[in-house]
Each structure stands twice: as C-alpha cells, then as structure tokens.
Amino acid sequence: MFTIATWNINSVRLREGLVARLLREEAPDILCLQECKSPVDKIPLDQFRALGYRWIVARGQKGYNGVAILSRLPLTDAGDRDYARLGHARHVAARLENGVTIHNMYVPAGGDIPDRTVNEKFGQKLDFVAEMRDVFHADNPQRSILVGDLNIAPREDDVWSHKQLLKIVSHTPIEVDHLLSAQDAGRWVDVTRQDIPSGLLYSWWSYRARDWDAADKGRRLDHIWASPDIANAAHNSRILRPVRGWDQPSDHVPVLASFDL
DNA sequence: ATGGTCGATGCTCGA
C-alpha cells in the first residue's frame, strides 16, 4: 500500500516549511507539487531529503509553473511532455518499482475571459486539455495515476455555485467538456469521486476573500485519477481543508488517496 | 459590475 498526495504549493521556496509540515504530519509516500515557481536547482531539497523523501523528479522554470514529485519510495524519471507547445514546466512523470506510472500535471489557469478569440490563455488551456485527450486516446494509460492542479471543477458539486460559475473560467461548459473528454479518452477514474461520490468538495479557495472559511466559495480544481486496471485499488481519499488555514497558506490544499498495490 | 489578494520579479504579470 502507498499513499499519494497532490498540492499546488504556489512557491515551494516560500512554503518550504509548509511542505515539511505536511510530510511530517501526513507522511504520504509520494507528494506531487505544482506551481513550484522555481528552477529545479533552487528547490530546497535538503529538508525534504532529511524527512526521508530521497527520490525527487522535477521540472522547473524561473518564476512560473514548475512541477515536482517527492517520494520516499524509489522512483525513476519517466519524462515529460510540452503540452500545447507552451514551453512551460507543467508535466513530469515518474515510475515506481512496481511499474506504476505517475503523471503530475499543472493545467494552465486560462485567464479571466472564457473566449479564445479575445483571450489567448483560454485557448491555450483548451489546447492543453485537448492534447491530453489525444495522448490518452492514442496510448491508453495502464497502471497509471494522474494527479495535479487541472484548474477545472467538472461537477456541479465541485463548486460553491454551479449557476454563478457557468461563465467563470474553471467551470465553463467547454472546459468541463474538454476535461471529461480527456478523462474518457484514457478511461481514467476520478478516484476522489469514486471514494466520495456526493456532496460539496473543494480543494481551492481564493485569496481574495475576507474570510475564506466563512464565505466558503471553493472549487475542486485538484484531482487524482487512476487508470481502470488499478482504480479498484484506490481508497481513503481525503482533501485537507484545514491546511488552507495554516500560516501563509497556499490557496490550494492537498488531495490524498491510498492505493493497495 | 466590480474589486478583492497573493508571489516572483524588478517597477508588471500570472493566478
């Protein structure tokens, strides 16, 4: 059995202490981070290594994006893909000794206006997710786990108000269609919703609220998917809402799942 | 309809 966590950390250097706290308190076997906002050689790896996370696979760039996989189980670098040819560090994969492949993804946020004719970033987001669909269609994932900040909340109960968010980037019908097409192309199972089939679930709350907890205007942007051959091994999904209340928090909280493999 | 807050960078952009 192993546990995996995904967390958009919004600067791994600023929040090195929060990462260490999560590793100490939850001790996931694998932690996938997004928005590290750091070149790989400036990620503070020594503290993570000291906590037992000796295997690290990462892609980085200065100031923006960046993905990293910290693991206390041996794993090897399984490459990356430049989805939508953006030249951004938004994907990296790793392989465990049991043959399981882990994809760590950071889908573009997509800007404010949900119209690709006036907002290039929205088009890039759609293209990114469409390429995910094509890749998974061409080569159906097996013994694979996909985690990350997908920046789309697909279900009505993944947002605080379905109606009020229909024209808000992250919950527009075209984004949801794209995400579900990518999920379906790979026969991916949404592990979090397999474990927690109903009810409101959020993994992100904006910084721009006076009181994020009281307002509770969240969205489920962070996901854990599994290929169908291992999806029944998944259990014990959790979203760590209290982490949003830690000092100097990320606007995202960790999402976890366990796999009996 | 608007503005609200973060982080990295370097006096602005992306989220």
Side-chain angles (χ1 to χ4, degrees), chain A residues 6-22 32-45 58-68 82-91 104-116 118-129 147-154 158-161 163-172 175-176 178-179 202-223 241-255:
Chain A
T6 179
W7 192 11
N8 177 318
I9 193 62
N10 189 14
S11 174
V12 70
R13 282 186 276 176
L14 186 70
R15 287 185 241 287
E16 172 183 356
L18 271 62
V19 174
R21 180 174 171 186
L22 183 79
C32 296
L33 298 171
Q34 304 87 34
E35 265 205 286
C36 296
K37 291 185 171 179
S38 173
V40 173
D41 62 8
K42 292 190 175 177
I43 297 175
L45 298 179
R59 297 293 185 273
Q61 62 187 95
K62 184 180 176 184
Y64 302 98
N65 311 311
V67 286
D82 181 17
Y83 285 90
R85 291 179 173 251
L86 299 172
H88 296 172
R90 294 182 177 274
H91 169 251
N104 182 15
M105 317 264 326
Y106 176 44
V107 172
D112 289 331
I113 304 169
D115 179 349
R116 66 181 307 153
V118 294
N119 171 19
E120 181 184 38
K121 288 202 279 286
F122 192 71
Q124 292 170 347
K125 180 180 195 175
L126 296 179
D127 292 346
F128 191 107
V129 179
V147 308
D149 176 5
L150 305 185
N151 263 316
I152 299 171
D158 289 337
V159 294
W160 65 275
S161 169
K163 190 175 176 186
Q164 286 179 259
L165 289 174
L166 276 171
K167 294 182 179 178
I168 303 297
V169 173
S170 73
H171 192 62
T172 62
E175 290 170 89
V176 171
H178 274 59
L179 189 70
Y202 311 142
S203 66
W204 172 90
W205 293 260
S206 172
Y207 283 126
R208 300 179 193 178
R210 281 182 213 138
D211 184 338
W212 70 272
D213 194 27
D216 201 19
K217 293 183 174 180
R219 309 176 198 170
R220 187 172 72 104
L221 304 178
D222 303 275
H223 300 267
R241 179 186 177 109
V243 172
R244 186 63 176 78
W246 288 1
D247 285 342
Q248 269 208 297
S250 169
D251 43 356
H252 296 252
V253 299
V255 179

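Chain A is the first sequence line, chain B the second, and so forth, proteins listed ahead of strands; every chain is numbered from 1. Computed from a predicted model, the values in this text were never measured in an experiment.
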Between [N] atom [atom2] and [X] atom [atom1], what is the distance in whole Å?
X	N	atom1	atom2	value
A/Arg210	B/dT2	CZ	C1'	13 Å
A/Leu86	B/dA15	CG	C1'	15 Å
A/Trp212	B/dT5	CH2	P	17 Å
A/Asn65	B/dG7	CG	P	17 Å
A/Asp247	B/dT5	CG	P	19 Å
A/Lys217	B/dG4	NZ	C1'	11 Å
A/Asn8	B/dG7	CG	P	12 Å
A/Gln34	B/dA15	CD	P	14 Å

Which of these nucleotides, [options], is closest to any side-chain atom of [X]?
X	options	result
A/Lys121	B/dG14, B/dC6, B/dT9	B/dG14
A/Arg90	B/dC13, B/dT9, B/dA15	B/dA15
A/Tyr207	B/dC6, B/dA15, B/dG14	B/dC6
A/Arg15	B/dT9, B/dA15, B/dG7	B/dG7

*asked:* For the CG atom of A/Asn8 and the CD atom of A/Gln34, what is their distance to the nearest 0.5 Å?
replied: 5.5 Å
*asked:* Please check this pair: side chain of A/Arg59 against backbone of A/Gly66, looking for a donor-acceptor N/O pair closer than 3.5 Å.
replied: no
*asked:* Tell me if a side-chain donor or acceptor on A/Asn119 pairs with a main-chain N or O of A/Gly123 at a distance below 3.5 Å.
replied: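 No; judged by distance alone, with no hydrogens or angles, the pair does not exist.
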Rounded distance in Å between the [atom1] positions of [N] and [M]:
N	M	atom1	answer
B/dG14	B/dG10	C1'	15 Å
B/dG4	B/dT9	C1'	22 Å
B/dG3	B/dA15	C1'	16 Å

*asked:* Test of understanding: with side chain to side chain donor-acceptor pair (under 3.5 Å), list the residues that count as partners of A/Arg241, not counting sequence neighbours.
replied: A/Asp213, A/Asp216
*Could you tell me which residues satisfy side chain to side chain donor-acceptor pair (under 3.5 Å) with A/Gln124, sequence neighbours excluded, listed by chain and number?*
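None.
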*Between A/Glu35 and A/Pro249, which is nearer to the 5' end of DNA chain B once each is assigned its nearest nucleotide?*
A/Pro249
*Quick one: label A/Gln248 by what it contacts on the DNA or RNA (base, sugar-phosphate, nothing), any heavy atom closer than 4.0 Å.*
sugar-phosphate
*Can a side chain N or O of A/Arg208 be found less than 4.0 Å away from OP1 or OP2 on B/dA15?*
no
